[in-house]
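Below, all heavy atoms of this structure are taken into account, side chains as well, without hydrogens, waters or symmetry copies.
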Amino acid sequence: HCGLMSSMPDESAPPSAPGQFQMSAYEVPVDLPVQRDLQPMNYVDGPVFREIVAMMPDDTLSDLLHELFNEPHGAVHGLLDALAADDRHAIGQAAHKLKGTSMLLGLKAIVKTTAALEHKARQTQDPIPPSTADDLGFDIFQTRQALEALGMPVTRKADQDSAAIAKMG
């Protein structure tokens with residue numbers, strides 16, 4: 001064996017471009033049949049979320065969750081609007097932004113869904129199925145339930161008070 005073959009790249013390894021980072025397990029796009037898990041705690045990484053809660057002032061975390069979930073301007077609603085408009089560029093941008101914040105907070109289901117959406121919108125020409133918005137909506141609902149179970153309701157007290165006042169009027 002002369003050693004010439006040892007410098008050849010392993011053909012079974014996936015190609016990688018110089019300067020690109022490897023994808024994390026959260027970012028690997030997967031198109032699997034939807035299996036809806038009805039255990040809300042499987043939608044949030046509890047230890048990660050608790051660690052973030054311990055580091056962040058309550059009002060900052062509340063504001064961050066508000067910016068993610070509350071209508072009409074929350075990040076999840078921006079992504080749902082982009083999906084409704086079938087705007088691939090907006091879907092890719094909104095999914096990327098939501099993925100990053102969700103990853104920070106340990107919102108596992110939203111990370112998985114947005115990573116797949118971002119990949120599909122930015123890296124392929126594959127159609128984005130209309131059911132994607134329903135799947136994302138389900139993940140959002142379950143994530144909100146899990147956050148409430150962890151003692152962090154998504155809706156701010158001021159929003160709840162405003163809603164109660166509006167119902168009385």
Tell me, please, which residues at least two apart from R122 pass side-chain hydrogen bond (donor to acceptor under 3.5 Å, both in side chains).
E118
Do the side chains of [X] and [Y] join up, straight or via other hydrophobic residues, at under 4.5 Å, putting them in one cluster?
| X | Y | result |
| --- | --- | --- |
| M56 | L68 | yes |
| L64 | F49 | yes |
| L104 | L150 | yes |

Using the side chain to side chain contact (heavy atoms under 4.5 Å, CB included) rule, pick out the option among L61, V53, L147, T143 that qualifies with L105.
L61
T114 and side chain to side chain contact (heavy atoms under 4.5 Å, CB included): which partner among M103, K99, H96?
K99
Distance (rounded to the nearest 0.5 Å) between [X] [atom1] and [Y] [atom2]:
| X | Y | atom1 | atom2 | answer |
| --- | --- | --- | --- | --- |
| H66 | H73 | NE2 | NE2 | 9.0 Å |
| K112 | D139 | NZ | CG | 8.5 Å |
| L80 | L136 | CG | CG | 5.0 Å |
| R50 | D45 | CZ | CG | 9.0 Å |
| I140 | D135 | CD1 | CG | 11.0 Å |
| T101 | I110 | OG1 | CD1 | 10.5 Å |

Evaluation steps, side-chain contact (heavy atoms from CB on, under 4.5 Å), between Y43 and F138:
CA-CA 11 Å; Y43 287 77; F138 182 82; 3.2 Å; yes
Please confirm whether the backbone N or O of K120 pairs with a side-chain atom of R88, one donor and one acceptor, at under 3.5 Å?
yes
Please check: side-chain N/O of H77 versus main-chain N/O of F69, any donor-acceptor pairing under 3.5 Å?
yes
For A75 and L98, the nearest pair of non-hydrogen atoms, with its separation, is CB-CD1, 4.1 Å
Taking all non-hydrogen atoms of both residues, which atom of A121 and which atom of I91 are closest, and how far apart?
CB-CG2, 3.8 Å
Hits for side-chain contact (heavy atoms from CB on, under 4.5 Å) against H89, two or more places apart or cross-chain, chain-then-number order -> D87, Q93
Given the rule in the side-chain contact (heavy atoms from CB on, under 4.5 Å) test, do L83 and L117 qualify, once you have shown the distances and angles that lead to the verdict?
CA-CA 10 Å; L83 285 165; L117 270 172; 3.9 Å; yes
Could you walk me through whether K108 and V111 pass side-chain contact (heavy atoms from CB on, under 4.5 Å), step by step?
CA-CA 5 Å; K108 299 185 295 188; V111 169; 5.7 Å; no
